[in-house]
Amino acid sequence: MTQLHTLSVREIADGLQNKQFSSVELTEHFLKRIDTLDKDINSFITVTPELALKEARLADELRAKGDTRPLLGVPMAHKDNLCTQGVLTTCGSKMLSNFVAPYNATLVENIANAGFISLGKLNMDEFAMGSDNESSYFGAVHNPYDLSRVSGGSSGGSAAAVASGLVPVATGSDTGGSIRQPASFCGITGIKPTYGRVSRFGMIAYASSFDQAGVFGRTAQDCAYLLQAMSGYDPKDSTSVNKDVPNWLGELDKIDGDKPLTGLRVGVPKEYFGEGLNNEVKAVIEKSLQTYVELGATLVDINLTDPKITLATYYLLAPAEASSNLSRFDGVRYGYRCENPKDLQDLYTRSRSEGFGAEVQRRILMGTYALSAGYFDAYYVKAQKVRRLVLNDFLKAFESCDLIATPTAPTTAYPIGASLTPAEIYLGDVYTIGVNLAGLPSLSHPVGFVGGLPVGLQLIGKHWAENTLLNATHAYQGATAFHKELSPIAKS
Ligand code: GLN
């Protein structure tokens, strides 16, 4: 019973079905772990024990009455940029520290309809801007492999909660790597699907043409359960794409045999293995590619846009979109309002200066500058053109391969309070953001350790080919044991 948090989603679903344990027992187990262990991790901003136990009791009753939804009563938790009706939704910001969402995000609804139970809301960088969770108004998240180190970001709470065994699976969002990089730092699997696969309705906007929700789990199979539940067309999101959601789980079950990846061409871009990549991380990544070869895949040399160019393009466009999106937080309609404003101008200025943290203010300034009349063509329009070229380079590369493999991040998790400059932090996103410029699906899975800290391999797929990423990872995880490794916190 004490090991319930080490079970896979499938084992949990089977255990519920076979009455080995109830949803109430499961939920209590995870809530107890959160209560005792999360003070060291800080992965939750809000825990909702009463709501969760009420839902768990209902799930047990429904199951007893013959409800056959396999995931009925399985616990999970949401990143705190997803609107959850009646529950605090802070986006990691003082600006929304008092905001109770009046409705559910579509993906929150979808997940609840599949039967999952939410245990609460997970810590994140403020407005999802950051790569180490240190910009959260609610404090940094501690890495469960080494509490003095960062969890990654911006979905740092989601990654650390799963890696600590506080929830089996969690949602996240990925605008420039915010699922893949924390998954890599915390030694778990995280997938960002194709842009348009999961509704953005009710997900607080950072950079709308990049933002895409996805999931964290220990394995590709765990991720597939939650991703399957949340994906699908939503008329409330104009960029949601009306396309059938394949049966990803069914496909995983067909993977079998010694060389399950025979015929798979894995593209390896040399631009992603150059200067800036830590040598030990590089060695672990190269070893993992050899495992792919042993499983039947062939490695193909490909070329992609220099990742330094994609980095500059992203850090121009994403702040531009953010500066526009965040103009709605004006102290008038909702969120933080300053005390005793002198007049309307003072209300706007002080509410925004006091409500937003330094990184968010920096992005608003950079974005406003790039969009201002004199600079729009030189910066914003030019970056949009480069964005198209980045996509073209990916499409060209996919003529000779089925998926692309790269390091997820140039380093392992760094110490909390390392006092990196903003530019140094941005450089850590160098391998993940091309994917978001091109709207491609991408996944990070654990492939080893350097000095006791996890390393993730990034896989990038063609548009709508989440199945290629999940299948390849499942095959890799069938032949290796890195995904079975538990962090010291998950072992406790
Ligand atoms: N680290 C990147 C940024 O700060 C990506 C964040 C994200 O994906 N939400 O913008």
Side-chain angles (χ1 to χ4, degrees), residues 130-132 143 145-146 149-153 159 174 176-190 192 266-293 297 299-315 390 393-394 397 401 403-415 418 420-438 440 442-461 469 472-473 476 480 482:
S131 311
D132 52 23
N143 191 304
Y145 277 91
D146 176 346
R149 289 176 186 265
V150 301
S151 57
D174 191 312
S178 279
I179 290 178
R180 291 158 284 154
Q181 185 257 26
S184 173
F185 279 12
C186 291
I188 58 170
T189 306
K192 173 207 105 71
V266 176
V268 183
K270 68 169 180 317
E271 296 81 3
Y272 281 58
F273 287 80
E275 199 198 326
L277 175 60
N278 172 288
N279 275 333
E280 289 166 296
V281 170
K282 185 174 177 185
V284 169
I285 295 293
E286 280 170 349
K287 190 145 176 269
S288 73
L289 294 177
Q290 283 319 308
T291 306
Y292 270 89
V293 171
L299 303 183
V300 184
D301 286 331
I302 56 160
N303 289 102
L304 289 177
T305 317
D306 180 342
K308 293 228 169 71
I309 293 176
T310 61
L311 190 74
T313 310
Y314 171 87
Y315 274 102
V390 171
D393 281 347
F394 272 113
C401 64
L403 65 76
I404 296 170
T406 80
T408 304
T411 64
T412 52
Y414 48 84
L420 301 181
T421 62
E424 283 167 337
I425 297 177
Y426 302 167
L427 260 179
D429 301 332
V430 69
Y431 304 137
T432 49
I433 55 188
V435 160
N436 303 75
L437 288 165
L440 297 165
S442 182
L443 174 155
S444 176
H445 69 76
V447 291
F449 294 87
V450 168
L453 296 169
V455 174
L457 176 74
Q458 172 172 252
L459 303 180
I460 305 168
L469 307 177
T473 305
Y476 179 93
T480 56
F482 299 115

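Residues: numbered from 1 along the sequence shown.
In this structure, CG in L440 is found 11.5 Å from CG in L403, a value given to the nearest 0.5 Å. Note that the CD1 atom of I433 and the CG atom of L311 stand 4.0 Å from one another [nearest 0.5 Å]. Rounding to the nearest 0.5 angstrom, the gap separating the OG1 atom in T473 from the CG atom in L459 is 4.5 Å. Summarising the geometry, atom OH belonging to Y272 is positioned 12.5 Å from atom CG belonging to L277; distances are rounded to the nearest 0.5 Å.
Nearest approach of A413 to R149, heavy atoms of both residues: O-NH1, 2.8 Å. For P454 against T412, the heavy-atom pair with the smallest separation is O-CG2, 3.6 Å. Counting all heavy atoms, side chain and backbone alike, P410 lies closest to G428 at CD-O, 3.5 Å. Of all heavy-atom pairs between F273 and K282, the closest is O-NZ, 3.6 Å. Contact record, V390 with G434: CG1-O, 4.2 Å, taken as the closest heavy-atom pair. Across all non-hydrogen atoms, the minimal contact from G177 to P182 is O-CD, 3.6 Å.
Residues satisfying the salt bridge (Lys or Arg N to Asp or Glu O under 4.0 Å) criterion with D393, sequence neighbours excluded, are absent altogether. Applying the side chain to side chain donor-acceptor pair (under 3.5 Å) test to Y145 and every residue at least two apart in sequence or in another chain returns nothing. Remark: N143 engages no residue in a side chain to side chain donor-acceptor pair (under 3.5 Å) (not counting sequence neighbours). In this view, A397 and I302, L304, I404 satisfy the side-chain contact (heavy atoms from CB on, under 4.5 Å) rule, not counting sequence neighbours. Among residues two or more places apart in sequence or in another chain, the salt bridge (Lys or Arg N to Asp or Glu O under 4.0 Å) test is passed with D132 by none. By the side chain to side chain donor-acceptor pair (under 3.5 Å) test, Y314 pairs with Y206, sequence neighbours left out. For N303, the side chain to side chain donor-acceptor pair (under 3.5 Å) partners two or more places apart in sequence, or in a different chain, are E271.
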(request) Under the side chain to side chain contact (heavy atoms under 4.5 Å, CB included) rule, what do V447 and T480 come out as? Steps first, then yes or no, please. (result) CA-CA 9 Å; V447 291; T480 56; over 6 Å; no
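For the pair S151 and C186, the minimum side-chain heavy-atom distance is below 4.5 Å.
Using a 30° and 60° split on the angle between ring planes, Y476 and Y292 fall in the parallel class, below 30°.
Identified under the side-chain hydrogen bond (donor to acceptor under 3.5 Å, both in side chains) test for residues 424-436, with sequence neighbours left out: S131-D429, D174-N436, R180-N436, Y315-D429, E359-Y426, T421-E424. Judged as a side-chain hydrogen bond (donor to acceptor under 3.5 Å, both in side chains), the pairs with a partner in residues 181-190 (not counting sequence neighbours) are, in order, T189-Q477.
Remark: the backbone N or O of V430 is not paired with any side-chain donor or acceptor of K308 at under 3.5 angstrom. Checking side-chain atoms of T408 against main-chain N and O of G456 turns up a donor-acceptor pair under 3.5 Å.
When each of T291, L289, V284 is checked for a side-chain contact (heavy atoms from CB on, under 4.5 Å) with L457, only L289 meets the rule.
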